[in-house]
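Contents: one structure, followed by commentary.
Since this is a predicted model, take the numbers as computed values, not measurements.
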Amino acid sequence: MENFSFYNPTQIEFGKDKEKNIGKYISKNGIKKVLIVYGSQRVKKDGLFDTVINSLKEHNIDFVDIGGVISNPILSTVKEAIKLAIEQKVEAILSIGGGSVLDSSKAIAAGALYDGDVWDFFTSKEQIKEALPIFDIITLAATGSEMNGYAVITNEKTKQKFSIWSPLVYPKVSIINPELQKSVSKEYLVYSATDVIAHTIEGYFTAKVQPKYMSRQVENIIKTVIETAEILIKNPDDYSARGEFAWAATNALNGTTTVGTSGFSFPNHLIEHALSALYNVPHGAGLSVVIPAWAKWYYKQNEEQFIRFAKEIFDKNTALEGIEALESWFNKIGTPTRLNQFNLSKDNIAEIIENLSFQEEFSKEDLEQILNNML
């Protein structure tokens, strides 16, 4: 196990009705005015927005709000919200929604205290030096953004989907109430399952140093996701399964699966970001296409770990059998595994490769092989 420093400052409030206390959690931080960021009108129609407003009013916290954040969140919406946050002199950001809303909120929090273009942070032109405090009520278990310092945004003009990381954009308090997630469609449940699995296997398969303890952590999360996703497909109201799925999603990307590891990367996310930046496919759906294709290309570089995965997760004996079992499970739950399911074909491969030309992890020949595996 390598030397490491572990840091995670986020307070998690997990369970039923926790959202009713959001005003208390914000008030404890001395905040008097927030910008509420949300996605669709669903949060207003289902009463969650009113619950939040009542809690804020109870603790004398003023607010302004902005909605319209979409899946694969875009830079123009972030900039619109930054302008509002500055004009209204808000003291914190409150995200109500899934990972797209929370990722946007993190960018808004950083951009509101920066004189330049917030995209500078995503291109590494500038580093985040300060950010408004962030609070959130997460309504979709997938990205793990509720307990990490990452955010991913798409620049819709340049077709670039880039990420930031900073300790300054970890949420102060994240509320996870599994009951708020039961209205998630079956479609987005299975996309979420893929996203969670993808977060864990990136390091699991690519790390140069991978302690067995960490491998077991990853395998526990994947087994939990597979088991609970299948339960929730049949019974979306199963609170116990919903809760375990949600907590697995949080732990998949809060730093606890890569402690003591080294030399890992995020190749599946890198490729998927190019795919969804160009064609706006759902992130998890894109990952379920990318992962088997990448794994078939990569597995011989770390075959022992792929054999371990096959045995521990699917009770198979070879690396390829494990990859094929994962692909079969994606097909079983109904998430895509081929480009043609997005109405894409061999004709789109050159454009995807061009969108990845900025990075050095893959050669053009590597990408051609991986993308051809998706056909």
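- In this structure, K44 satisfies the cation-pi test against F49, with its NZ or CZ atom closer than 6.0 Å to the six-membered ring centre and inside 45 degrees of the ring normal.
- A side-chain donor from one of Q305 and S215 sits under 3.5 Å from a side-chain acceptor of the other.
- Scored by the ring pair (Phe, Tyr, Trp, His ring centres under 6.0 Å) test, F342 finds no partners at all (sequence neighbours excluded).
- Every residue meeting the ring pair (Phe, Tyr, Trp, His ring centres under 6.0 Å) condition with Y114, not counting sequence neighbours, appears here in chain and number order: F121.
- Using modelled atom types, one side-chain atom of N8 and one backbone atom of N254 make a donor-acceptor pair closer than 3.5 Å.
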What side-chain donor-acceptor pairs closer than 3.5 Å can you find for residues 294-302, not counting sequence neighbours?
{"residue": "K296", "atom": "NZ", "partner": "E327", "partner atom": "OE1", "Å": "2.8"}
{"residue": "N302", "atom": "ND2", "partner": "F205", "partner atom": "O", "Å": "2.8"}

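- Taking a cutoff of 4.0 Å between a charged side-chain nitrogen and a carboxylate oxygen, K83 and E87 qualify as a salt bridge.
- Side-chain N/O atoms of S276 and E272 include a donor and acceptor closer than 3.5 Å.
- In this structure, N155 contributes its side chain and L75 its backbone to no donor-acceptor pair below 3.5 Å.
- If you check the side chains of T10 and E146, you find no donor sitting under 3.5 Å from an acceptor.
- With hydrogens and angles left out, the side-chain atoms of K106 and N148 include a donor and acceptor closer than 3.5 Å.
- Atom NZ of K28 is surrounded by 12 or fewer heavy atoms from other residues, nucleotides or ligands within 6.0 Å.
- A donor and an acceptor atom, one from each side chain of T337 and N331, are located under 3.5 Å apart.
- Between T228 and E244, the side chains place no donor N or O within less than 3.5 Å of an acceptor N or O (distance only, hydrogens not considered).
- Taking every heavy atom of both residues into account, L132 and L113 meet most closely at N-CD1, 3.6 Å.
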